[in-house]
S.K.: 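One structure follows; several queries about it will come next.
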Amino acid sequence: DLNCSEMNQLLIDMIDRRINEQKIEYLQNWVGNHHVSRSECNQKIAELESKKVEITQTIDQAKKQQAKLTIHDNLQFSLV
């Protein structure tokens with residue numbers, strides 16, 4: 001079992017890796033075509049950044065309520 005702080009850090013690290021993957025994918029596409037739009041990449045990164053905020057808020061709420069969290073494989077989670 002992970003405590004809330006460990007869980008928060010683990011999830012944030014996972015999302016940060018996904019953000020870096022998006023950046024690398026964009027750069028790879030840009031190398032092949034300097035006119036490729038960055039908007040899709042920026043949108044995905046913004047969604048991931050939003051998910052980080054949501055995770056931190058939910059874990060803070062779980063701490064306050066002394067509740068357990070269930071994490072689903074698609075980074076969805078719920079208080080139990």
Side-chain angles (χ1 to χ4, degrees):
D1 285 352
L2 298 173
N3 67 37
C4 288
S5 295
E6 293 169 332
M7 184 178 297
N8 187 58
Q9 189 59 51
L10 176 69
L11 293 171
I12 297 302
D13 288 348
M14 288 173 57
I15 292 173
D16 284 340
R17 280 192 297 275
R18 290 176 76 181
I19 288 171
N20 286 334
E21 289 169 3
Q22 287 298 317
K23 291 176 181 179
I24 290 168
E25 182 179 324
Y26 168 75
L27 286 173
Q28 289 172 335
N29 290 334
W30 182 83
V31 166
N33 175 5
H34 292 329
H35 301 289
V36 69
S37 173
R38 187 175 177 111
S39 62
E40 183 178 344
C41 176
N42 288 343
Q43 180 182 356
K44 288 179 181 179
I45 289 172
E47 290 170 4
L48 290 167
E49 291 289 351
S50 176
K51 182 62 85 174
K52 284 173 40 174
V53 171
E54 179 185 350
I55 286 169
T56 300
Q57 289 173 344
T58 302
I59 289 175
D60 287 346
Q61 182 181 3
K63 282 184 202 178
K64 289 176 187 170
Q65 296 178 4
Q66 296 180 338
K68 291 186 178 185
L69 283 171
T70 300
I71 301 172
H72 307 281
D73 60 354
N74 58 354
L75 284 182
Q76 297 294 320
F77 47 89
S78 58
L79 293 174
V80 288

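The structure presented is a predicted model; accordingly, all values stated were derived computationally and were not measured.
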S.K.: Could you tell me which non-hydrogen atom of Y26 sits nearest to which non-hydrogen atom of V36, and how far apart they are?
M.R.: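 Looking at all heavy atoms of both residues, the closest pair is CE1-CG1, 3.8 Å.
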S.K.: Hey, could you give me each pair passing salt bridge (charged side-chain N to carboxylate O under 4.0 Å, His left out) that has a residue in residues 20-43? Not counting sequence neighbours.
M.R.: E40-K44
S.K.: To the closest 0.5 Å, what do you measure between SG (C4) and CD (Q61)?
M.R.: 11.0 Å
S.K.: Considering all heavy atoms of both residues, which atom of C41 and which atom of Q22 are nearest to each other, and what is their separation?
M.R.: SG-O, 3.7 Å
S.K.: Would a 4.5 Å heavy-atom cut-off, applied to side chains only, mark V53 and T56 as touching?
M.R.: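 Answer no - side chains too far apart.
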S.K.: Could you walk me through whether D60 and K63 pass the side-chain contact (heavy atoms from CB on, under 4.5 Å) check?
M.R.: CA-CA 5 Å; D60 287 346; K63 282 184 202 178; 4.1 Å; yes
S.K.: So do the side chains of L11 and K51 get within less than 4.5 Å of each other, counting heavy atoms only?
M.R.: no
S.K.: How far does CD1 of I59 sit from CD of Q9, to the nearest 0.5 angstrom?
M.R.: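 The CD atom of Q9 is 10.0 Å from CD1 of I59, to the nearest 0.5 Å.
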S.K.: My understanding is that a hydrophobic cluster links ILVMFWY residues whose side chain heavy atoms are under 4.5 Å apart, including indirect links. Using that, what else belongs to the cluster containing I12?
M.R.: none
S.K.: Which residues pass the side-chain contact (heavy atoms from CB on, under 4.5 Å) test with Q43, sequence neighbours left out?
M.R.: E47
S.K.: Do you know which two heavy atoms are closest between I15 and L48, and how far apart they sit?
M.R.: CG2-O, 3.5 Å
